[in-house]
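Everything below concerns the one structure shown next.
No hydrogens, no waters, no symmetry mates; every other heavy atom, side chains included, goes into these values. Naming convention: chains lettered A, B, ... in sequence-line order (proteins, then strands); numbering from 1 in each chain.
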Number of protein chains: 2
Amino acid sequence: MMGEGKFDISPEWVDGETKALEAPGDHRAELRLWLRLLTCSTLVESEVRRRLREEFDSTLPRFDLMAQLERAPDGMVLGEVSKRMMVSPGNITVLVERLTESGHISRTTLPTDRRVQIVALTPFGRAEFEKMAARHADWISDLFAGLSAKEGGVLMDELAKLKRSVIASLAGNT
Amino acid sequence: MMGEGKFDISPEWVDGETKALEAPGDHRAELRLWLRLLTCSTLVESEVRRRLREEFDSTLPRFDLMAQLERAPDGMVLGEVSKRMMVSPGNITVLVERLTESGHISRTTLPTDRRVQIVALTPFGRAEFEKMAARHADWISDLFAGLSAKEGGVLMDELAKLKRSVIASLAGNT
DNA sequence: CAAAACAATTTTAAGCTTGAAATTTCTTCC
DNA sequence: GGAAGAAATTTCAAGCTTAAAATTGTTTTG
């Protein structure tokens, strides 16, 4: 079953045929675009998860949480972490518990408001994160190596447009 | 999240003049690109999950599984479903159990090879899926509405290149 | 100054996901 | 024909994720 480290991925199914007369309410092009975006994202994400596990016995959520804290030397309030990571507050609770147990982060209750928890990387956590971040950057670089600088730039710009489109749509525009 | 920077790093094989300006191992541009891709993907995916839950009391994995089966009128072997959805075989087992319970799909053991399970949409499942698929297409269309046809085409092409790059990279190591 | 409102976080219940080990069922090859 | 191996699926243990309810602590207000 483990041919080369994973269950097999057969990537050749994204292309339906598009020779369609564009009827009203025909959303085929958008759907195909979304599927392709999702495929790219999933492929990269799965690989990153796999390597974090294999090389560091860690997970992507833990890495992401530490990445947020790396830029906040004085620590960050849990709610802020939750917003930045775009995950639910309850999720943060669990992640913080585990990362605290393993010594990667510290947590403090704010004296002036005892509802507030502040988390920060420990020196150990920071050192570990830096190792992971360096490897992570290499992995991404390898996975994206087939894109030229120019192609990458175009993709970056188009994704910016897409992001604006999505956010506008979520905000209620149509 | 990230600034609106440009793609400013050359891949290994395009050394030349820009290389001198960069620190060795500078993968910033690829990382930004990956972050942006992930952000777009996450935004869309979260919204789709939310609406599937609210409008249909369903989930994205269930929808995806039914979407695979819709194109296979004669059903599909579990392993094939697993590959196409790019998820682990054990995952499929759970999803199939629930969708069978709820009457959306049927499962049959292949008489000529009793290891093989074949799943297919039931008429009820197909009808339900069609309702969901129509709404799903509308949601995606709305979310992507800020992209012109041309921009969408460019994005599609660039994502195709990225997909090739990722797959080539995955094939080249373990 | 209490009571209500609000805010930050945790708990809960349910479902998703994975990799690895186990199980069942063929297939191959002496 | 029977053992060894391969293939398809399931089981298992652990972790992630969410929405909603509950908890704890602070602020506002009557």
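With hydrogens and angles ignored, the 3.5 Å screen pairs a side-chain donor or acceptor of S46(B) with a backbone N or O of T42(B). At distances below 3.5 Å, not a single donor-acceptor pair connects side-chain atoms of T100(A) with backbone N or O atoms of S106(A). When atom types are taken as modelled, the side chain of S102(A) and the backbone of R98(A) share a donor-acceptor pair closer than 3.5 angstrom. Between the side chain of S169(B) and the backbone N or O of S165(B), no donor-acceptor pair lies under 3.5 Å.
A salt bridge does not link E54(A) with R51(A): every distance from a Lys NZ or Arg NE/NH1/NH2 to an Asp or Glu carboxylate oxygen is 4.0 Å or more. The pair E158(A)-K161(A) meets the salt-bridge criterion, since a charged nitrogen lies less than 4.0 angstrom from a carboxylate oxygen.
Base contact: G90(A) has a heavy atom under 4.0 Å from a base atom. Residue T59(B) is in sugar-phosphate contact alone, with no base atom involved, counting any heavy-atom pair closer than 4.0 Å across all strands shown. Counting non-hydrogen atoms under 4.0 angstrom, E97(A) reaches the backbone sugars and phosphates but no base. Residue P89(A) is in base contact, counting any heavy-atom pair closer than 4.0 Å across all strands shown. Base engagement by N91(A) is indicated by at least one non-hydrogen atom pair under 4.0 Å involving a base atom.
Atom CE in M76(B) sits roughly 17 Å away from atom C1' in dT9(D) (whole-Å rounding). Between the CD atom of E45(A) and the P atom of dT18(C) there is a distance of 10 Å, rounded to whole Å. Here the C1' atom of nucleotide dT11(C) and the CD1 atom of I92(A) are 16 Å apart, to the nearest Å. Atom CG of L52(B) is separated from atom C1' of dA19(D) by 16 Å (rounded to the nearest Å). In this structure, E54(B) atom CD and dT18(D) atom P are separated by 15 Å, rounded to whole Å. Taking atom CG of residue L65(A) and atom C1' of nucleotide dT17(D), one finds them 14 Å apart after rounding to whole Å. One interatomic measurement links the two molecules: CG of L95(B) to C1' of dT18(C), which rounds to 13 Å at whole-angstrom precision. For K83(B) and dT9(D), the NZ to C1' distance is 13 Å, given to the nearest whole Å.
With dT24(C), dT17(D), dT10(C) as the choices, the nucleotide that has an atom nearest any side-chain atom of R115(B) turns out to be dT24(C). With dT9(C), dC16(D), dT11(D) as the choices, the nucleotide that has an atom nearest any side-chain atom of P61(A) turns out to be dC16(D).
A close approach under 4.0 Å does occur between a side-chain nitrogen or oxygen of R53(B) and OP1 or OP2 of dA19(D). For the OP1/OP2 pair of dC16(D) and a distance below 4.0 Å, the side-chain nitrogens and oxygens of R62(A) include at least one atom meeting the criterion. Taking side-chain N and O atoms only, R49(A) has no distance below 4.0 Å to OP1 or OP2 of dT18(C). Using a 4.0 Å cut-off, some side-chain N or O of R98(A) falls inside it from OP1 or OP2 of dC16(D). Residue R50(B) places none of its side-chain N or O atoms closer than 4.0 Å to OP1 or OP2 of dT18(D). Taking only side-chain nitrogens and oxygens, R114(B) comes nearer than 4.0 Å to OP1 or OP2 of dC26(C).
Residues passing the salt bridge (charged side-chain N to carboxylate O under 4.0 Å, His left out) test with R49(B) are E45(B), sequence neighbours excluded.
For residues 103-111 of chain A, proximity to DNA chain C is found at R107(A), defined as any non-hydrogen atom under 4.0 angstrom from a strand atom.
Side-chain contact of T108(A) with Q117(A): a donor-acceptor pair under 3.5 Å is absent, judged by distance alone.
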